[in-house]
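Reading through the structure tokens given below for one structure.
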Amino acid sequence: MQPKFTNKMSVQLSEQEIVRRESLAKLRALGINPYPANLFPVTALTNEVFQNFEEGKEVVMAGRMMSQRIMGKASFAELKDAGGRIQVYINRDEICLGDDKTLYNEVFKKLLDIGDFIGVKGTLFTTQVGEKSIKAKELTVLSKSLRPLPIVKIDDSGKIHDAFADPEQRYRQRYVDLVVNDNVKKVFLTRSKVISTMREFFNSKGYLEVETPILQPIPGGAAARPFITHHNALDIPLYLRIANELYLKRLIVGGFDGVYEFAKDFRNEGMDRTHNPEFTVMEIYVAYKDYNWMMDFTEEMIERVAIAIHGKPECRVGENTISFARPFKRISMTDAIKEHTGFDISGKTESELFEWCKNNEIEVEESMGKGKLIDEIFGEKCEKKYIQPTFITDYPKEMSPLCKEHRTNPELTERFELMINGKEIANAYSELNDPIDQRERFEEQLRLSEKGDDEAMFIDQDFLRALEYGMPPTSGMGIGIDRLVMLMTNQSSIQEVLFFPQMKPEKKQVELSDAEKIILSTLQANNPLELNTLKTMVGLSGKQWDSGMKGLSKHGLVKVEVNGDTKMCVLK
RNA sequence: GACCUGGUAGCUCAGCCGGUAGAGCAUUUCACUUUUAAUGAAAGGGUCCCGGGUUCGAAUCCCGGCCAGGUCACCA
């Protein structure tokens with residue numbers, strides 16, 4: 001009956017986990033179900049209690065016990081529920097009315113731990129020190145926690161002690177992060193409010209929230225590397241969408257005047273503090289509008305969001321105070337470059353642009369076309385300068401294959417990006433609705449792709465067919481929700497605004513090392529063996545022998561029995 | 001992808017000119033009826049990230065790897 005080395009077998013419980021499992025068993029032995037099935041009739045949340053504090057009022061509350069301060073026959077515990085934290089006063093003789101004091105002495109003092117869910121029925125009162133609390137009359141075990149929670153404490157001066165702060169652990173175990181770090185929850189409440197504010201704004205205008213495919217046969221609407229998957233029944237490849245633009249425009253063709261979608265998009269590219277492989281984008285398309293109208297609309301939307309979050313159209317982001325009050329500055333890309341470099345790109349040839357870049361410390365490659373070069377100049381010399389919300393308008397044509405040609409300059413498009421805090425937040429067009437022009441632009445992309453640009457767009461024939469039926473003049477706008485939330489919550493990494501950011505898989509380990517395997521197999525052939533004999537037989541280095549033996553006894557596989565001077569190594 | 005920094009108890013961290021691992025909180029036991037980072041006393045608790053090397057001896061030194069964070073590049 002040798003134990004098999006599966007991952008399950010080698011799980012080592014810490015002392016504290018063992019203690020908690022024992023407490024669990026003792027609770028059951030006392031006739032207390034640590035995981036009761038029946039509902040618990042909660043009457044109040046912490047924030048409601050504090051907002052409307054009525055001395056002596058009877059309440060029933062439930063939550064996680066976050067601390068215990070035991071002083072003989074009286075104790076204080078901290079209860080954390082969805083509305084916050086409240087102190088519970090527990091007096092032995094008030095929760096144990098008869099002679100049997102087990103509930104207090106055993107259950108509360110010994111068998112309950114920090115992290116357990118409990119229910120309390122009692123009355124509201126204020127302690128001598130002035131803290132609003134509940135005086136418990138009944139205590140109910142609602143769910144036992146088997147793992148110790150990190151104990152984060154805050155002292156009188158507000159200083160945090162023993163913070164659970166390691167980003168890796170916080171992201172991998174977000175549930176612990178949320179329980180233990182109260183401020184983390186606020187970020188996600190704000191995230192939800194950003195989205196609901198936008199949704200209410202769109203709905204008030206009569207635009208329709210829609211859903212479009214995530215699995216797409218052709219990943220269109222952006223230049224990015226997609227994730228690819230396979231549909232078994234159809235036996236075809238499918239892509240996870242990189243944008244939803246082309247589907248939303250099909251709906252405009254179909255006759256909706258305004259459609260929007262909060263969409264998860266997926267891009268198979270690098271990960272860092274501003275990129276997660278899946279991220280949220282809101283795209284909206286409104287018929288009979290142009291990009292000038294869309295700038296007004298975007299401004300109003302952003303201002304509303306800022307006011308909803310901060311109560312005023314202003315917030316601090318890092319070192320900067322950003323004002324979201326309308327109107328935002330508007331400047332063409334040409335003027336922006338002129339303003340920051342003195343260089344006038346209008347009418348310049350590709351080689352003139354190329355030369356200028358080389359002379360101004362911008363890294364360029366021979367393969368770059370005019371559009372790409374202009375984009376490099378802007379990105380390198382201008383982008384970071386726009387801290388306050390600014391619309392950059394009229395981008396070069398070859399960078400924007402889905403955007404309508406500018407009404408007065410055929411080299412440009414009717415496109416704007418909204419820059420805030422030196423970063424792009426939103427991107428919008430007067431949408432290209434000329435199907436013949438669109439087909440030519442796609443074919444240009446195809447040529448780029450053949451030249452080796454792995455991000456050039458595919459030709460979506462069905463989308464072209466839709467345009468050929470006719471799409472009204474339309475303006476569309478896309479906004480990165482994660483980055484907007486980062487702005488509104490003053491976070492500098494995207495991981496902080498995603499509940500579960502993508503992480504490398506946790507490595508599963510706990511296989512036997514080679515040294516352990518050798519020792520074990522030798523011992524299995526000759527059980528038991530004298531320790532030094534075994535050491536000689538396995539022929540390992542001192543260190544390998546030592547760590548191998550340590551490991552095996554740790555796994556509970558071998559035991560060394562000492563009898564006087566002889567040490568016998570025995571298989572367990 | 002490059003460079004820098006880090007990985008030691010449940011949590012936060014110290015130890016590191018190589019000599020068998022420490023603190024605070026948490027846990028266990030005891031005392032204590034309004035405390036609040038409760039307090040006082042005692043105890044237990046570690047694959048010092050993994051693998052290899054140097055060495056009589058490695059948490060510590062060297063090499064390789066894994067993971068994370070940061071900076072930059074790339075991409076959008």
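Keep in mind that the numbers below use all heavy atoms, side chains included, and drop hydrogens, waters and symmetry copies. Below, read A as the first sequence line, B as the second, and so on, with proteins coming before strands; counting in each chain starts at 1.
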Sugar-phosphate only, base, or nothing, as touched by A:K159 at under 4.0 Å among non-hydrogen atoms: nothing
Evaluation steps, side chain to side chain contact (heavy atoms under 4.5 Å, CB included), between A:L446 and A:I459: CA-CA 7 Å; A:L446 192 62; A:I459 298 183; 4.0 Å; yes
Closest to the A:S14 side chain, choosing from B:G10, B:A37, B:U12: B:G10
Parallel, tilted or perpendicular: rings of A:F463 and A:F442 (30°, 60°): perpendicular
For atom CE of A:M66 and atom P of B:A26, their distance in whole Å: 13 Å
Exercise answer: donor-acceptor pairs, residues 148-158 of chain A side-chain atoms, under 3.5 Å, sequence neighbours excluded:
| unit_1 | atom_1 | unit_2 | atom_2 | d |
| --- | --- | --- | --- | --- |
| A:D155 | OD1 | A:S157 | N | 3.0 |
| A:D155 | OD1 | A:S157 | OG | 2.8 |
| A:D155 | OD1 | A:G158 | N | 3.2 |
| A:D155 | OD1 | A:K159 | N | 2.9 |
| A:D155 | OD2 | A:H161 | NE2 | 2.8 |

Which nucleotide in B:U33, B:A37, B:U36 has an atom nearest any side-chain atom of A:D93: B:U33
Nearest-neighbour nucleotide for the A:Q16 side chain, B:U36, B:A26, B:C75 considered: B:A26
Atom pair distance, as rounded to whole Å: CD1 in A:I154 and P in B:A26: 15 Å
Electrostatic pair A:E496-A:R170, nearest N-O below 4.0 angstrom: yes
Rounded distance in Å - CD (A:E131) to C1' (B:A37): 13 Å
Side chain of A:R273 (C-beta onward), nearest among B:U27, B:U71, B:C25: B:U71
Interatomic distance, A:E17 CD vs B:G44 C1' [rounded to whole Å]: 16 Å
Whole angstrom value for the distance that separates C1' of B:A68 from CE of A:M271: 11 Å
Side chain of A:M503 (C-beta onward), nearest among B:A38, B:A68, B:G10: B:A68
Separation of B:U33 P from A:F108 CZ (nearest whole Å): 15 Å
Sugar-phosphate only, base, or nothing, as touched by A:E78 at under 4.0 Å among non-hydrogen atoms: nothing
Using atom names, set out every protein N or O paired with an N or O of nucleotides 39-43 of chain B below 3.5 Å, distance rounded to 0.1 Å.
none

Selection: residues 372-383 of chain A, any non-hydrogen atom under 4.0 Å of RNA chain B: A:K372, A:E383
Enclosure of A:R21 CZ (heavy-atom neighbours >12, cutoff 6.0 Å): yes
Rounded interatomic separation in angstrom, taking CZ from A:F279 and P from B:C75: 16 Å
Atom-pair distance (CZ on A:R267; C1' on B:C74), nearest Å: 15 Å
Candidates B:C67, B:U35, B:C75 - which lies nearest the side chain of A:K504: B:C67
